[in-house]
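One structure is given below, encoded as structure tokens.
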Amino acid sequence: MVLSSRNWKLSFLEKDMKRMRSHAMFSLSFLYWMLSVSPYDGPLYDSSAFSECKQYPENPLYGGGILKDKLPEFQLFTRADGITVNFPIFKLQDITPGTIYSFSTWIKIKNADSAVITASVGDKDSDELCVGTVDAKAGCWSFLKGGFVASSFNISSIYLKNSDEQDLEIEIASASLQPFTEQQWLLNQQTKINMARKRAVTIHISNKQGVGLENASLTVEQVSKDFLLGSAIAYTFIGNTPYQNWFLERFNAAVFEDEIKWYTTEPKQGQLNYTLADELLEFVRRNQITVRGHNIFWEDPKYTPAWVQNLTDSELKSAVNSRIQSLMSKYKDEFVHWDVNNELLHFNFYEQRLGPNATLEFYRTVHQQDPLATLFLNEFNVVETCDSTSTVDKYIAKIRELKEDGMSMNGIGLEGHFGAPNPPRIRSTLDKLATLGLPIWLTEVDISDTFSKETQGIYLEQVLREGFSHPAVDGIMMWSAIRRNKCYRMCLTDPDLNNLPTGDVVDKLLKEWDTGILKGQTDEHGSYSFYGFLGEYKLTASYEGKVVDAAFSLSPSHETKHFSVQL
């Protein structure tokens, strides 16, 4: 059903709308195995998302959930200028505090080519909480997906408004609101982790004739992890052995906080200084830490060197080419990623000065000189909150626009500077970005220091679990470098390297997301099976005094990994 906010008349779609879904056989069988060992009768999270504007809306997720067969009402709102406009709302009943709600709907507008439509929850006496946004268009249907966690305040309605409160005709179809208890949400999350971050393994132990050996003893230990989890480091890291050891005990990835940014490496024109970056790079090289390159250009004039801003257009073009050439000649093949352009949705210093193709040229040039590095856009307030400047649809549109122009951009960076996180909206945003099929990284995760240390820890765990459980996310970096005995907003330890609540959360999750050491014996077929996190393993097998050491790796696959050892 479709309801229009101007004429308030129902219209029925005459086309049969069928959503085609397919799942890998392993995924289904693994899920059924999970449910058999841990009975679960709740809803399964639907990660379906759509980033293309469609001629017809799809069927509602979850069959509509608690909005099944419910139609929105329309309410008059008075703008600041005194003009009244109509917006659709869904009246809600029996919203339970602490329950997690996944919301979705299809939207089409009239009287404008496009508009940002924001879904919010609240009541007339409370502040509204953003559920999600969509950049809706005229003539086709756009998919809004989000959610909210019901707090203690009374939530009576979901409001769908144009962000600038213009009087638009908003049509709605296939609305859905599905509740999950906290336990149901976590179980769905864990199922996704088991399917995306782990793999089934069977080890076969036999004699030289290939006969399986029953009761052979095995010790299996994970020695490295496939998933990259790390933290920013800064100049204070250099020569600080206790800090370095603390880092190495936990992380397999790093990013330099400021040490490779233009205002650090060339504070005055022509005076290049890579000393700090070189020293940090020597550490990560020596310890086989994966390192991201952040950043080459920053669109925010506030973080652009003053001398750069004072150049003529022709001088600026020469300077940006020199900047790229200097970095690439020195660091080619050193950084797995480059954040080539930082915060392009919010700022446009280089586009204003060098023209609309400036970013495209940056990526082309960097790719030519460092072709093996993955090149990222990096942006804030895409996943953190509802920002009409950086909606998920605007980010997707910008990425598509640049890709269509031939840009060698193959990574999606989400900064992740959170206030109070909204887990279902985080997950929905990742679902939508995943439709691009590009690797996603949470590149600068932290929690606002306006919260207590304990609350920072709670919120950080929510963000890390959402990121790690989403199969499209390839890595997470926390923005927690210690500098002058403080951090940008969130530290993991105090200056003496004693864990804060955030550090305790990281340690807990690192242990939870590690196979650790397994000990066991082979069965009557000479086999030993387990589910392990992706990464590198070492194996020691013994039988009647004979001992053999071996190594194997678990890479992503829906198939069981078989590994054979002969004694």
Side-chain angles (χ1 to χ4, degrees), residues 193 197-198 219-257 259 276 279-292 294 335-336 416 441-447 453-454 456-458 460-461 463-465 467-468 473-519 532-540 551 553-554:
I193 289 173
R197 308 297 180 200
K198 301 178 84 171
T219 300
V220 179
E221 181 181 359
Q222 184 171 13
V223 294
S224 69
K225 300 175 181 179
D226 183 72
F227 189 85
L228 294 171
L229 179 66
S231 169
I233 55 178
Y235 67 92
T236 50
F237 197 78
I238 299 168
N240 189 335
T241 302
Y243 186 13
Q244 293 175 0
N245 290 339
W246 181 91
F247 181 96
L248 290 174
E249 289 170 0
R250 290 161 174 81
F251 301 128
N252 57 5
V255 61
F256 305 162
E257 187 177 50
E259 285 69 21
L276 296 177
E279 293 188 47
L280 290 174
L281 190 59
E282 191 277 331
F283 168 82
V284 298
R285 274 201 210 108
R286 186 174 69 249
N287 292 283
Q288 298 180 308
I289 300 295
T290 299
V291 61
R292 304 189 73 249
H294 174 81
F335 293 91
V336 66
W441 274 64
L442 302 180
T443 57
E444 305 177 26
V445 170
D446 66 7
I447 305 298
K453 296 290 192 292
E454 291 73 20
Q456 280 186 312
I458 293 169
L460 178 62
E461 181 170 355
V463 173
L464 293 181
R465 287 191 181 279
F468 186 72
V473 175
D474 281 3
I476 301 174
M477 303 296 297
M478 286 168 284
W479 211 246
S480 50
I482 300 174
R483 48 176 184 169
R484 301 190 189 94
N485 293 331
K486 65 177 184 178
C487 306
Y488 174 62
R489 299 199 313 173
M490 180 194 79
C491 286
L492 301 179
T493 72
D494 65 19
D496 297 320
L497 301 177
N498 299 306
N499 268 11
L500 297 170
T502 48
D504 287 338
V505 163
V506 169
D507 284 352
K508 178 180 73 171
L509 295 179
L510 286 171
K511 183 177 181 181
E512 182 180 322
W513 298 336
D514 190 325
T515 306
I517 299 175
L518 303 176
K519 294 180 181 290
F533 284 97
L534 304 180
E536 301 294 324
Y537 287 78
K538 66 179 182 180
L539 163 69
T540 299
S553 62
L554 292 185

Compare every heavy atom of [Y] with every heavy atom of [X], then report the nearest pair and how far apart it is.
X: Trp479; Y: Ala232; answer: CE3-CB, 3.8 Å
X: Leu554; Y: Gly532; answer: CD1-O, 3.7 Å
X: Cys487; Y: Met490; answer: CB-O, 3.5 Å

In Å, rounded to the nearest 0.5 Å, how long is the span from [atom1] of [X] to [atom2] of [Y]?
X: Ile482; Y: Thr493; atom1: CD1; atom2: OG1; result: 3.5 Å
X: Phe283; Y: Asn240; atom1: CZ; atom2: CG; result: 10.0 Å
X: Phe251; Y: Ile289; atom1: CZ; atom2: CD1; result: 10.0 Å
X: Tyr235; Y: Glu279; atom1: OH; atom2: CD; result: 13.5 Å
X: Trp246; Y: Ser231; atom1: CH2; atom2: OG; result: 6.5 Å
X: Met478; Y: Asp446; atom1: CE; atom2: CG; result: 10.5 Å

Tell me whether [X] contacts the main-chain N or O of [Y] through its side chain, where contact means a donor paired with an acceptor under 3.5 Å.
X: Glu259; Y: Ala234; answer: no
X: Gln456; Y: Leu492; answer: no
X: Asn252; Y: Leu229; answer: yes
X: Thr515; Y: Phe533; answer: yes

Sequence neighbours left out, what passes salt bridge (Lys or Arg N to Asp or Glu O under 4.0 Å) with Arg197? Give chain and number order.
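Not a single residue meets the salt bridge (Lys or Arg N to Asp or Glu O under 4.0 Å) criterion with Arg197.
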
Run the numbers on Ile517 and Thr219 for side-chain contact (heavy atoms from CB on, under 4.5 Å), then give the verdict.
CA-CA 7 Å; Ile517 299 175; Thr219 300; 3.8 Å; yes

Heavy-atom distance under 4.5 Å between the side chains of [X] and [Y], does that happen here?
X: Ile238; Y: Leu276; answer: yes
X: Phe335; Y: Phe256; answer: yes
X: Asp474; Y: Leu228; answer: no
X: Tyr488; Y: Glu444; answer: no
X: His294; Y: Thr443; answer: no

Counting only heavy atoms not in Arg484, do more than 12 fall under 6.0 Å of its CZ?
no

Please tabulate, for the side chains in residues 495-511, all donor-acceptor contacts under 3.5 angstrom to protein atoms that are two or more places apart in sequence or on a different chain.
| residue | atom | partner | partner atom | Å |
| --- | --- | --- | --- | --- |
| Asn498 | ND2 | Asp494 | OD2 | 3.2 |
| Asn499 | ND2 | Gly503 | O | 3.3 |
| Asn499 | ND2 | Asp504 | OD1 | 3.3 |
| Asn499 | ND2 | Asp507 | OD2 | 2.7 |
| Thr502 | OG1 | Cys491 | O | 2.5 |
| Asp507 | OD1 | Arg250 | NE | 2.8 |
| Asp507 | OD2 | Arg250 | NH2 | 3.1 |
| Lys508 | NZ | Glu461 | OE1 | 2.9 |
| Lys508 | NZ | Glu461 | OE2 | 2.9 |

Measure centre to centre between the rings of Trp513 and Phe468, then say whether the value is under 6.0 Å.
yes

